[in-house]
Amino acid sequence: MDGIAIEVQNLKKSYGDLEAVAGIDVQVRQGEVYSLLGPNGAGKTTTVEILEGYRERTSGEVNVLGYDPARGERSFKQRIGIVLQSTGVEPYLTVEEVVELHRGYYPSPRPLDEVIEVVELTAKRKSRVGKLSGGQQRRLDVAVGLAGDPELLFLDEPTTGFDPSARRHAWAMVKNLQALGKTVFLTTHYMDEAQNLADRAAIIVGGRIVAEGPPGTLGGRAEAPTSVTFQLPPHAPPLPEHLHPHVSSSRGVHLEATEPMKTLHDLTGWALEHDVELESLSVARPSLEDVYLSLTGEPSDAAASSPAVPAGERPT
Ligand code: ATP
């Protein structure tokens, strides 16, 4: 386990006839932020709860910080921190009382003020939990997970209900944790969260991992064609044949460029020659969301609303 925080081999979990986790392999290095992405029912919670020791596996090897989580050892629980989707912490306690209570469960907890500060609840430290907003309660959940100063933190959809500014603060907090050498295992539905935080991400669908890697290259993103999009003015001449394949819609023209420099050179050369303004010109690699949608089989808006038309036809 040298340098490895989590090692999972051929993990399976069945509920009756349903194989919720169908033989996955996962390896997470110490100090890494690893994200598990997947649609509802994909097997994320089942996997995470097996790693945390809260669910029994059907078969496979699981090693977390050198422990088999299924044994439920106290020393194991002291070294991990868990942020569940909803913890339902005691509504009549104040923020600082809740954090203090949870700090008391651990041999070397993180300082109280620091935990509260890191989740941006200093102004609310004397407030009762029942009076907090949904986003503030989720931040308190993160504080509870942090209280024991764990070396491995499980964050199950940690920013659901956060406003954009609170999410940014939570992301900064995760980065701080990583800077301190913590390992973070994160499940999320937010692609931008995985993109921003994860060193590596895995996409799980139907209990199987269908792609794994750094978010920037996941699912062949690095090799996928670049999207060039722009608007043509109403009376522009047809695009040349070789700028193909492309699709046009009310939102403009979309080219798939395998050689983006050459495509841009040809396109802008053609536009200058014909005195055509390419409005809203943008160049983008497929987003993590595009990859996710194609791997999980969910339709993407762009694909659904951009019918292919032959080269040379005008956008409608
Ligand atoms: P979500 O994003 O909705 O939380 P998930 O990826 O976490 O989904 P799981 O909760 O792990 O998915 O569920 C995987 C599959 O196992 C689902 O089909 C679910 O209905 C089923 N399942 C989960 N827990 C149980 C259980 N205790 N008994 C029977 N089936 C279960």
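Numbering of ligands and ligand atoms starts at 1, following listing order.
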Contacting atoms of ligand 1, where contact means under 4.0 angstrom from a heavy atom of [X]:
| X | value |
| --- | --- |
| His189 | 2 (O) |
| Ala20 | 14 (C), 15 (C), 16 (O) |
| Arg55 | 23 (C), 24 (N) |
| Ala42 | 5 (P), 6 (O), 12 (O) |
| Lys44 | 1 (P), 2 (O), 5 (P), 6 (O), 7 (O), 8 (O), 11 (O), 12 (O) |
| Pro39 | 6 (O) |
| Thr46 | 9 (P), 11 (O), 13 (O) |

_Set of residues satisfying side chain to side chain contact (heavy atoms under 4.5 Å, CB included) with respect to Gln178, sequence neighbours excluded_ = Val33, Asp199
*side chain to side chain contact (heavy atoms under 4.5 Å, CB included) partners of Glu117, counting only residues at least two apart*: Thr122
*Candidate with minimal heavy-atom separation from atom 15 (C) of ligand 1, of Gly41, Gly207, Gly206, Gly38*: Gly41
*Arg79 charged N/C atom sitting above Tyr67 aromatic ring, 6.0 Å / 45°*: no
*For ligand 1, note which part of Leu18 has a heavy atom under 4.0 Å away: side chain, backbone, both or neither.*
side chain
*Report the part of Lys13 in contact with ligand 1, treating N, CA, C, O as backbone and CB onward as side chain, heavy atoms under 4.0 Å; options are side chain, backbone, both, neither.*
neither
_Looking at Asp156 and Lys44, is any side-chain nitrogen of the basic one under 4.0 Å from a carboxylate oxygen of the acidic one?_
no
_Salt bridge check, Arg139 against Glu120: does any charged N sit closer than 4.0 Å to a carboxylate O?_
no
*Distance in Å, Glu259 CD paired with Thr263 OG1, rounded so as to fall on 0.5 Å steps*: 7.0 Å
*Under 30°, 30 to 60°, or over 60°: which ring-plane class applies to His102 and Tyr105, parallel, tilted or perpendicular?*
perpendicular
